[in-house]
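Heads up: the structure comes next, in structure tokens.
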Amino acid sequence: MTIGQFLDNQRCYYCGSEVEHPSGICSICRTRILEDISKKGPLCPVCSQPVVSSHMDQCPFCASKPSKLSKVLSLSYFNGSMKEIISLYKSGKQLNFRFFLAEILQEALMSQGLLGIPLIPIPPRKGKIRKTGWDQIDLLCKTMKQQYKSLIIRCLTRSDKVQQKTLNFAEREVHMKNTLKIKKIRADFVEYPRFILLDDVYTSGATLSAAAEKLSEVYGGEILALVLSTVL
């Protein structure tokens, strides 16, 4: 099925009811999904992961948070409905889910007071676009730009062909530092006080860590990260 056919399918993926928009999720199912993926209990103000007590300043994970990142905002955990949505989107089976994902990203930026800050997408492996014809993060960024006028800065490149899941944490960190490159950023972009690195799933943090380090070589402002989901 082509992308155009996906977008023409005006029915909810979950219940089959007609919808007036191409997100693939009706308003009733959307409400259920948002409740399902919402994080419960006290969360760390730095990485939005769970903490044992609301009196804790940070969670245990923050001891290993990438040093160049001031904050990692994660919208959900990689399980249940969000795991299904992201997996179907990344596989190309439900590309129209990008409208739902873009919507919740925009809502997160709004709730955190981060609207108007440039988004920097994490690039795909070398050759992925040539092999698959598209990249899930780039398509999501295009949707953010089209739907919400987000400013996208594609200043990172990646030269590897290795899937990260085949490496352990230490190997991932070294690997990404060697393969990520930073392109020159326009002078007017550098004047922004903050940048936000955008990725889909936060696993070990190695990719975001390397990206933040590369970006800090040419940029002295605050670097944050926004991810759709975190694997715990």
Side-chain angles (χ1 to χ4, degrees), residues 37 39 43-51 57-78 82 86 89-90 98 101-125 135-141 143-145 148 150-158 164-165 169 172-173 175-177 179-183 185 189-190 192-232:
I37 69 176
K39 294 185 173 182
L43 302 176
C44 174
V46 178
C47 71
S48 68
Q49 298 308 317
V51 295
D57 293 330
Q58 293 184 1
C59 73
F61 295 98
C62 278
S64 60
K65 179 181 67 66
S67 60
K68 298 296 182 180
L69 287 174
S70 62
K71 185 173 184 178
V72 179
L73 176 61
S74 172
L75 305 190
S76 67
Y77 304 129
F78 193 59
M82 185 56 92
I86 293 176
Y89 169 64
K90 291 180 67 171
R98 74 183 190 270
L101 296 174
E103 186 177 359
I104 62 175
L105 283 173
Q106 179 71 2
E107 290 175 355
L109 291 171
M110 185 180 301
S111 66
Q112 296 291 319
L114 300 175
L115 289 178
I117 299 176
L119 302 176
I120 298 179
I122 296 298
R125 299 188 313 275
D135 170 57
Q136 73 269 13
I137 296 300
D138 187 64
L139 184 58
L140 188 56
C141 283
T143 306
M144 292 290 292
K145 183 176 181 179
Y148 306 109
S150 299
L151 177 59
I152 310 298
I153 301 178
R154 294 175 176 84
C155 61
L156 291 172
T157 61
R158 189 169 165 180
Q164 288 257 69
K165 61 185 179 182
F169 177 79
R172 289 184 183 193
E173 193 167 24
H175 174 73
M176 292 310 302
K177 287 180 180 179
T179 59
L180 274 177
K181 306 296 181 183
I182 184 78
K183 295 189 292 186
I185 302 178
F189 287 166
V190 178
Y192 279 88
R194 290 183 285 184
F195 281 155
I196 300 176
L197 293 169
L198 180 64
D199 206 357
D200 50 5
V201 180
Y202 184 101
T203 305
S204 66
T207 301
L208 288 175
S209 177
E213 282 200 24
K214 291 295 181 181
L215 187 57
S216 67
E217 292 175 3
V218 297
Y219 175 68
E222 184 181 12
I223 303 173
L224 302 90
L226 176 61
V227 297
L228 292 169
S229 196
T230 299
V231 176
L232 291 179

field: Option among Asp200, Ile86, Leu101 that satisfies the side-chain contact (heavy atoms from CB on, under 4.5 Å) test with Ser229
entry: Ile86
field: salt bridge (charged side-chain N to carboxylate O under 4.0 Å, His left out) pairs, two or more places apart, involving residues 102-120
entry: Arg30-Glu103, Arg30-Glu107
message: I need the minimum non-hydrogen distance between Tyr89 and Leu139, along with the two atoms involved.
response: OH-CB, 3.6 Å
query: Hey, is NZ on Lys145 packed in by over 12 heavy atoms from elsewhere, all under 6.0 Å?
result: no
message: For the NZ atom of Lys68 and the NZ atom of Lys214, what is their distance to the nearest 0.5 Å?
response: 12.5 Å
field: Cys155 vs Ile182, side-chain contact (heavy atoms from CB on, under 4.5 Å): CA-CA, chis, key distance, verdict
entry: CA-CA 6 Å; Cys155 61; Ile182 184 78; 3.7 Å; yes
side-chain contact (heavy atoms from CB on, under 4.5 Å) between Leu114 and Lys71, intermediate numbers included: CA-CA 12 Å; Leu114 300 175; Lys71 185 173 184 178; over 6 Å; no
- request: Could you tell me whether the side chain of Tyr219 and the main chain of Arg194 form a donor-acceptor pair under 3.5 Å?
  value: yes
- prompt: Are any of the side-chain heavy atoms of Pro123 and Leu156 separated by less than 4.5 Å?
  reply: yes
message: Minimum heavy-atom separation for Ala211 and Leu197, please, with both atom names.
response: CB-CD1, 3.9 Å
Qualifying residue, where the test is side-chain contact (heavy atoms from CB on, under 4.5 Å) with Asp199 and the options are Ile137, Leu228, Leu226, Ile120: Ile137
- request: Can you measure from CD (Glu213) to CG (Leu69) and round to the nearest 0.5 angstrom?
  value: 9.5 Å
message: For the CG atom of Leu73 and the OH atom of Tyr202, what is their distance to the nearest 0.5 Å?
response: 12.5 Å
field: Tyr192 side chain to Gly221 backbone, donor-acceptor under 3.5 Å
entry: no
field: Pro124: side chain to side chain contact (heavy atoms under 4.5 Å, CB included) partners, not counting sequence neighbours
entry: Lys128, Ile129, Asp135
- prompt: When rounded to the nearest 0.5 angstrom, what distance separates OG in Ser209 from CG in Leu180?
  reply: 10.0 Å
task: Would you give the length of the straight line joining atom CG of Leu198 to atom CD1 of Ile153, rounded to the nearest 0.5 angstrom?
output: 12.5 Å
- request: Measure the spacing between CZ of Phe78 and OG1 of Thr203 and express it to the nearest 0.5 Å.
  value: 8.0 Å
message: Using modelled atom types and a 3.5 Å cut-off, is there a donor and acceptor pairing between side-chain atoms of Thr230 and backbone atoms of Tyr77?
response: no
- prompt: Is any side-chain heavy atom of Ile196 less than 4.5 Å from a side-chain heavy atom of Leu109?
  reply: yes
- prompt: Can you find a pair of side-chain heavy atoms, one from Ile37 and one from Leu75, that are under 4.5 Å apart?
  reply: no
Derivation and outcome, side-chain contact (heavy atoms from CB on, under 4.5 Å), residues Leu115 and Gln106: CA-CA 8 Å; Leu115 289 178; Gln106 179 71 2; 3.4 Å; yes
- request: Report yes if some heavy atom in the side chain of Pro193 is under 4.5 Å from a heavy atom in the side chain of Glu222; otherwise report no.
  value: no
